Amino acid sequence: AKDIGGGTAGSAGQGCRLNPPPVVTAGGPVVHRPGPAPNAAAMKVGLAFDIGGRGDASFNDASVAGLERAKREMGLAEVKELDAGAGEPEDAKQTRLRQLAQEGFDPVIAVGYAYADALKIVAAQFPRTRFAIIDEDLRGIPNVTPLVFAEEQGSFLAGVIAAHRTKTCHIGFVGGVRTPLIQKFEAGYAAGAKAAAPDIRIDRAYLTPAGDPSGFQDPNKGAEVAQGQLDGGVDVIYHAAGASGKGVFSSVKSAGAKAIGVDSDQYRQPSVADYRDVIISSMLKRVDLAVFDYVAAAARGDLASVPEKFDLSLDGVGYSTSGGMIDDLVPTVDAYRAAIATGRIKVSDRP
Amino acid sequence: MRTEVRTGTATGRPQRARGPVPGWAHAALWVVVGVVAVSFASYQTGLPQLTSSGTVQSAVRLGIPILLAGLGGLWAERAGVINIGLEGMMILGTWGGAWAGYQWGPAAGLLAAAVFGALGGLVHAVATVTFGVNHIVSGVAINLLGAGTAKYLSTLLFEPVSKNPRESPPVPKFDTYSAQPLGAWLHELENLQRVGISDVAGVLGGLVTGVSPLTMLAYLSVPVSYLVLWRSRFGLRLRSCGENPIAAESLGVAVHRYKYLAVVVSGTLAGIGGAALILNPGQAGYLENQTNNRGYIGLAAMIFGNWRPGGLLGGAALFGYSDGLQLRSGGTTVHALLLAAALVLLVVAAAQLWRRRKLGAGVALVAAAAVLAVYLATDQLPEEITAYTPHLVTLVVLGAASQRLRPPAANGLPYRRGEQGARE
Amino acid sequence: MNTSAAAGTPAVELSGITKTFPGVVANSDVNLTVRTGEVHAVCGENGAGKSTLMKILYGMQSPDAGAVRIDGEQVRFRSPAEAIRAGIGMVHQHFMLADNLTVLENVVLGAERAHGIGARARRRVLALAEQAGFRVRPDALVERLGVADRQRVEILKVLYRGARIVVLDEPTAVLVPQEVEELFTTLRTMREQGFTFLFISHKLDEVLAIADTVTVLRRGTTVGTVPAGEIGSRQLAELMVGSELPVPEHGGATATDREVLVVRGLCASEKDRPVLVDVDLAVRAGEVVGVAGVEGNGQTELVEAIMGMRPADAGTVRLGDRDLTRLSTLARREAGIGYVPEDRHRQGLLLDESLWFNRILGHQTRPPVARGRWLDRRGAREDTRRIVARFDVRTPGVDVDAAALSGGNQQKLVVGRELSGDPVLLIAAHPTRGVDVGAQAVIWEHLRTARAAGLAVLLVSADLDELIGLSDTIRVMYRGRVVADADPRTVTPEELGAAMTGARGGEDR
Amino acid sequence: MSTWRARLLPPALAIAFSAVLCAAVLLASGADPVATLAQLVTQVGRGSTAVDIVNTAGAYYLVAVAAAIGFRMNLLNIGIEGQYRLGACAAAIAGGAISLPPGVHALVVVVVGAAVGAAWCGIAALLKVYRGVSEVISTIMLNTLAFGLIAYLTQTFGVLRGNTQGTRIIPESGWVPGIPLGGAGTVFGLVLLAVVVGIGYAVLLDRTRYGFELRASGLSPTAAAAGGVNHRRMVLSVMLLSGAVAGLAGLPEILGRDHTFTITFSAGYGYAGLAIALLGRNHPVGVAFGALLWSFLDKSSLTLDDIGVPREIVTILQGTIVLSVVVAYALVRRRELAAEQRRVGRATGTAVAPAAASTGGDRS
Ligand SMILES: Nc1ncnc2c1ncn2[C@@H]1O[C@H](COP(=O)(O)OP(=O)(O)OP(=O)(O)O)[C@@H](O)[C@H]1O
Ligand SMILES: Nc1ncnc2c1ncn2[C@@H]1O[C@H](COP(=O)(O)OP(=O)(O)OP(=O)(O)O)[C@@H](O)[C@H]1O
Ligand SMILES: [Mg+2]
Ligand SMILES: [Mg+2]
């Protein structure tokens with residue numbers, strides 16, 4: 001007989017005993033943006049991608065989006081992107097940065113923490129060029145600006161959403177590779193879920209241990225891991241597994257459960273359009289915003305105004321509501337969000 | 001040329017080829033031992049996942065690409081051509097499958113994957129059969145070439161659509177089918193959670209539910225390969241090329257043609273194995289590096305299976321099972337697997353003892369004790385190790401069993417038409 | 001001397017056949033006519049072009065010039081398949097069997113169209129075997145068969161394809177006299193049934209015993225065709241080599257009392273199966289001890305065990321005062337053993353390397369080719385030149401690859417190498433197998449000289465004439481045991497053959 | 001006399017053939033092959049590319065020699081990938097944990113790298129020698145297992161710096177200074193290690209008894225055995241040697257630049273090594289050229305993005321070069337052997353006539 005989708009997961013149980021959302025007195029988060037966009041017509045920005053490169057529907061693409069906006073709003077003259085290869089040696093990264101600096105691009109944005117070491121060397125060689133690095137808190141080099149995010153805070157909200165949407169009081173997390181960065185996602189997610197529902201069970205799994213990058217590139221494994229969690233009673237899964245996330249979505253869909261996307265608004269992402277009806281929300285990491293802000297600051301010559309960390313209070317991270325599947329939850333989630341933004345809830349970045 | 005004329009027997013007396021138990025019964029016996037061991041472990045540890053239909057379905061999904069790649073290896077090596085280029089052919093298959101699949105549907109994707117894999121096989125055949133290049137060398141080159149070509153083509157053809165040079169646009173998948181009402185009945189049995197019965201029901205249930213046409217094709221290709229290679233004239237000729245091509249040629253077998261055919265079929269199967277990574281439900285489209293060494297693992301499964309389809313099936317199943325288990329339920333079940341392993345080792349020891357091989361029995365017994373000790377002393381294995389359970393299992397099993405393996409006699413040897421006697 | 005043998009349409013007519021390989025003219029203007037229903041022998045030295053001619057007839061090689069006529073009709077085979085269709089079958093000098101396939105599979109391979117590969121084929125094979133007068137087990141793996149059985153399989157293959165004209169390329173090389181006689185019985189039976197045979201052998205008495213007509217090739221061309229009844233083996237030999245046939249002659253006893261090699265109670269096994277059982281053996285200085293035995297009765301294993309290439313389960317091997325039992329092959333060689341292996345291509349030479357590089361093999365720890373851990377390349381070259389000169393190795397220099405030499409010259413190089421470095425014991429396994437009479441004579445002469453100088457020699461050979469001619473004493477092996485001793489001065493090949501097949505014990509036991 | 005032709009002709013033919021093929025591919029996809037080539041060549045002069053080529057060629061040379069040592073004996077060590085990464089990881093851990101005088105410190109690190117590489121390969125060697133497991137399969141499995149082990153080691157002995165998990169920084173006493181060329185970058189000091197290994201490899205193969213036994217075993221294990229070469233011991237020692245050399249390959253980068261092993265450490269050298277060894281015909285000098293060519297293609301290809309040509313064309317180029325070079329070698333080798341046989345035939349043809357007349361027992 002032909003299988004016609006639809007599973008049994010999610011039909012059982014009434015969900016968790018939920019904590020009430022925190023009461024926030026000071027209202028919503030305060031986002032303050034520096035004045036109107038400056039003119040950047042004389043600027044040439046270089047972009048060095050991390051593995052995954054353009055089209056990853058994740059932070060590489062988000063950084064491009066930031067520059068696109070800069071072009072529109074600030075008249076940015078020229079953007080050049082250079083792509084990285086998998087497992088490439090350190091000097092390839094240096095060459096890429098050097099090449100951009102030498103060709104007169106300023107600022108040069110290194111997308112991804114993998115550039116940290118290369119940047120230390122190249123930045124010293126080009127003291128007059130301004131560099132930025134995404135995802136690595138690289139301090140103490142005058143011409144390098146780190147653009148980092150509070151992933152754990154965004155993931156906290158994902159955890160809250162999951163806790164409110166589970167019927168089995170059992171949720172899952174699927175990480176691609178067990179790196180410190182991905183563990184921040186896990187930590188925030190678990191903390192959020194626990195905050196909203198103290199009794200909740202959380203299954204956490206990584207596809208590969210640190211150092212084996214294939215965990216971000218293997219949807220089949222993603223599907224199996226998710227399937228395992230679903231069979232074990234999980235009915236909401238949050239993933240931070242790059243391209244392997246596709247596999248997670250597909251398992252979730254065939255089990256009739258729910259998923260939370262990561263980095264960008266995955267509901268609107270064409271490559272996973274097949275699964276959009278199970279993507280109830282996505283944790284947003286606004287690399288685009290950070291890049292735009294950085295370019296604007298550079299155009300103004302005021303790099304000191306770039307925030308130390310793009311967190312909830314700066315809208316550097318957040319969550320999406322596309323698809324309207326969590327509209328009823330927005331007040332609750334926003335309450336948590338305000339509590340974090342105002343510092344009433346502190347989210348740890350270690351699981 | 002090296003025609004051996006030695007019998008190897010001191011007695012000069014022809015000995016009987018096989019024991020009293022036919023090979024297939026032997027294999028079936030071991031399957032039973034395995035299932036019993038695993039259900040015992042499942043009972044002892046209270047982990048139904050060990051034999052749940054879900055785990056078995058995972059094993060099937062993960063095992064199919066390996067099975068197909070292994071069958072590809074089998075075809076080539078039975079004709080005497082080592083095919084380490086399976087990985088490259090598989091990559092070509094994934095690209096071809098995605099490219100045709102996203103435009104014209106899964107059936108076209110399957111066809112294109114087969115064709116692309118076959119092209120890879122053809123290159124290998126030209127290099128090894130026509131030009132006499134070392135088979136492994138050619139295979140390494142084909143792996144490079146396959147990866148490079150797929151990357152290049154996807155930058156060229158996928159990027160405009162998917163906006164990502166490493167990824168294809170979404171590819172439609174095959175539908176899945178289940179054998180009803182058998183599947184439902186097995187599912188009920190499984191849910192009873194009775195010792196033994198539920199385990200068997202889980203395993204069988206996993207095999208007959210959620211099957212896609214591609215999976216059926218893979219299932220079928222095992223007996224078909226057996227029938228074609230061992231029960232048909234074509235297969236006899238093909239195998240003779242792997243055993244003694246000069247003899248085959250002297251009997252009018254067009255050795256080159258059979259080798260070509262075998263390697264092309266090999267590539268085709270590897271290509272279909274690639275398609276299994278993208279056209280089965282739950283899988284993404286083409287993605288750079290998604291084959292992730294499955295071609296090599298297929299080769300390992302084939303060696304593991306002693307260059308026979310049945311054994312190869314066992315190898316792929318073992319690999320898929322241990323991978324599925326560790327992916328789905330992580331460290332605890334892999335830990336429980338240690339118990340099953342200890343049990344199997346005990347049976348091995350008993351079997352060795354029965355055949356009066358004291359040394360073998362001793363080694364197996366010590367190994368069983370060691371595994372059991374690890375099981376009792378720990379309650380979880382480090383994730384860095386469990387993530388590679390299948391690889392470890394393959395290595396250990398090969399280490400234990402590979403001495404009895406029997407590759408085709410002329411496997412990997414260069415062969416040229418009319419060359420015999422050139423050095424006599 | 002050319003007698004025309006044609007009466008009626010000849011079964012095979014080869015005219016003006018010419019075939020060259022790089023550097024060699026294998027056949028030049030060969031003419032051969034074979035009557036229907038006769039056994040036609042083709043004789044000639046090694047490399048005279050016999051096999052090449054037969055392969056041309058069988059479609060495995062295509063001639064550069066010349067015509068092939070079968071039953072009067074001109075044909076041009078492009079593959080064995082076409083020759084088979086024309087009724088030609090060939091049993092090759094080296095068996096063409098796939099070890100890992102069964103007897104049945106080997107027989108039906110390539111001829112599946114006739115009766116499939118199943119029960120019908122099996123019945124047909126059994127019937128054919130009966131017709132030819134022997135028994136087979138269709139489902140046995142070929143690797144488990146002895147030499148004679150393998151040959152039966154080869155003959156079955158030919159019959160199964162319905163061949164009327166059968167080429168037998170040196171079918172007797174590996175058989176003992178009794179087996180040869182059985183083969184000849186089969187051939188005679190089949191000749192009566194109308195088969196035509198082309199029969200190649202180096203053993204001239206065999207040729208004269210079975211053949212109706214003999215054609216002699218010398219260096220690629222036909223030098224004559226004579227009815228077998230009208231010629232003796234001496235004349236035949238002269239035809240072949242242009243001079244008298246060399247016989248291994250004994251040349252007087254030189255044996256001393258000093259035991260060089262002493263083997264006691266040697267046992268060895270392969271995968272739980274005994275291959276050597278309690279072998280005792282002694283070779284004294286200046287003595288040649290011959291080991292006779294049907295292939296596969298433990299001679300190979302004995303040599304390997306003495307050389308340390310095969311672990312012994314029990315027993316001792318002593319060289320002079322030294323106990324070698326636990327030593328490695330290299331240490332045994334260093335202790336003074338020279339070793340001419342039975343298969344020069346597999347064990348004697350590195351075909352893709354130069355002659356001087358090959359000179360080092362087995363001597364890599366000793367002057368003149370090595371100094372300590374370092375090679376002495378100059379020394380190796382010089383000593384190779386010495387061997388080339390002394391052993392008449394025909395080569396343009398010592399830098400050519402071993403593969404470029406002909407078999408006889410390769411073997412002379414191997415023997416020369418193994419006699420270098422003053423060995424006290426030489427183990428020679430089939431030292432002249434597949435070597436032409438010229439090279440054979442050189443090798444025999446050197447063995448004899450070395451023996452006279454006090455060398456102890458353990459000689460394993462399938463060539464009973466060689467064994468009888470060279471040995472001071474002969475030990476017969478059967479099923480891994482030494483079952484009999486024979487005195488080469490009195491024993492006949494037939495008696496030896498009987499002992500080798502276990503039919504009865506030798507004279508001394 | 002014709003041997004230099006036999007050595008140089010095949011790679012030249014192969015590179016030319018592959019270049020033509022890739023040019024065709026480029027044309028078909030609408031790019032300009034000439035401009036592509038020009039871009040590749042001019043890139044060498046830019047920035048630190050030339051130095052990077054040399055540095056990476058050093059590492060490539062080491063892995064290729066490791067592969068070549070195995071190939072010489074018909075052993076296919078696919079596990080170089082795992083061996084060099086594991087060697088580098090272990091060496092970095094050891095280097096970060098100890099403190100010794102300069103020079104000695106680095107030496108210890110180098111020895112640890114080699115030892116660990118050898119040990120990892122040794123597993124495959126033992127399995128092959130004692131259990132008959134094909135080294136092809138076992139080394140593939142060991143490559144994957146090396147991933148897990150490295151992850152485990154960097155977790156257990158490592159530290160977290162920013163987002164990168166890595167081993168402890170090696171103290172300055174363990175660094176190996178490079179040759180600074182200013183803006184063009186710094187040539188790693190340990191590139192010299194590659195040179196030393198290369199010379200050692202050449203001497204070993206050509207001049208020593210061990211090298212002789214190695215070559216003999218590779219050409220014909222049966223003949224070598226009859227000649228007193230212990231095949232098992234050779235397999236074991238050659239695999240250990242190959243693993244040891246592989247274990248060195250990551251060290252120039254670690255001791256010369258990174259001073260730590262991070263989980264993002266360069267990957268893929270092992271597979272490149274196999275290809276380079278084939279390209280260079282396992283010959284010490286040939287492999288050096290192969291390594292430089294490979295490295296040049298890798299490094300220069302980084303610039304292809306600049307002119308909008310997909311960088312993967314270089315991977316295709318590399319694949320076709322390897323395939324066509326082996327085909328070319330096979331063809332040339334065949335021609336050479338035939339020519340030699342002809343030569344022997346000619347030379348002995350003249351010698352046969354008088355000798356044939358005196359055939360018999362009267363010659364000694
Ligand atoms: N394929 C080949 N390539 C090159 N040379 C060859 C080839 N086959 C045979 N030869 C050469 O041709 C000559 C004739 O060889 P052939 O095998 O026909 O001799 P033969 O009479 O059968 O010798 P033997 O008594 O050793 O069997 C020899 O010099 C041999 O080296
Ligand atoms: N597959 C076969 N093909 C050709 N000949 C065979 C085959 N099997 C057996 N023979 C021959 O048939 C004869 C009978 O051999 P078989 O092994 O059947 O038993 P046997 O002689 O009774 O053995 P034993 O000596 O143990 O009593 C032998 O001469 C053997 O050489
Ligand atoms: Mg011959
Ligand atoms: Mg011959």
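These figures come from a predicted structure and were not determined experimentally.
- What you find for A141(B) and G319(D) is that their closest heavy atoms are CB-O, 4.1 Å.
- For the options I140(D), T144(D), V326(D), heavy-atom pairs under 4.5 Å to chain B are most numerous at T144(D).
- Heavy atoms of F147(D) lying under 4.5 Å from chain B belong to its backbone as well as its side chain.
- Comparing V322(D), V314(D), I316(D), L331(D) by heavy-atom pairs within less than 4.5 Å of chain B, the highest count is held by I316(D).
- For the atom pair CG of L145(B) and OG of S18(D), the computed distance is 9.5 Å after rounding to the nearest 0.5 Å.
- Ranked by heavy-atom pairs under 4.5 Å with chain B, the list V25(D), L149(D), L274(D) is led by V25(D).
- Using a 4.5 Å cut-off between heavy atoms, V126(B) makes no contact with chain D at all.
- Minimum interatomic distance between G399(B) and L127(D) (heavy atoms only, all atoms of both residues): CA-CD2, 3.9 Å.
- Ranked by heavy-atom pairs under 4.5 Å with chain D, the first of T130(B), V140(B), V137(B) is V137(B).
- For L392(B), the parts lying near chain D are the backbone and the side chain together; criterion is any non-hydrogen pair under 4.5 Å.
- Neither the backbone nor the side chain of I150(D) comes within less than 4.5 Å of any heavy atom of chain B.
- In this structure, chain D has heavy atoms under 4.5 Å from both the backbone and the side chain of S138(B).
- Proximity to chain D (any heavy atom under 4.5 Å) is shown, for L153(B), by neither the backbone nor the side chain.
- With values rounded to the nearest 0.5 angstrom, S134(D) atom OG is found 8.0 Å from L299(B) atom CG.
- When each of I321(D), T315(D), V327(D) is checked for heavy-atom pairs under 4.5 Å with chain B, V327(D) comes out on top.
- Atom CD1 of residue I137(D) and atom CG of residue L395(B) lie 10.0 Å apart, to the nearest 0.5 angstrom.
- Both the backbone and the side chain of L26(D) come within contact range of chain B, judged by heavy atoms closer than 4.5 Å.
- A distance of 7.5 Å separates CZ in F71(D) from CG in N134(B), rounded to the nearest 0.5 Å.
- The local environment of OH in Y271(D) is crowded, with over 12 non-hydrogen atoms from other residues, nucleotides or ligands closer than 6.0 Å.
- One distance of note links CD of Q318(D) with CG of L144(B); it measures 7.0 Å at 0.5 Å rounding.
- Considering every non-hydrogen atom in both A300(B) and M141(D), the closest pair reads CB-CE, 3.6 Å.
- Using a 4.5 Å cut-off between heavy atoms, L278(D) touches chain B through its side chain atoms alone.
- To the nearest 0.5 Å, atom CG of residue N293(B) and atom CD of residue E81(D) are 9.5 Å apart.
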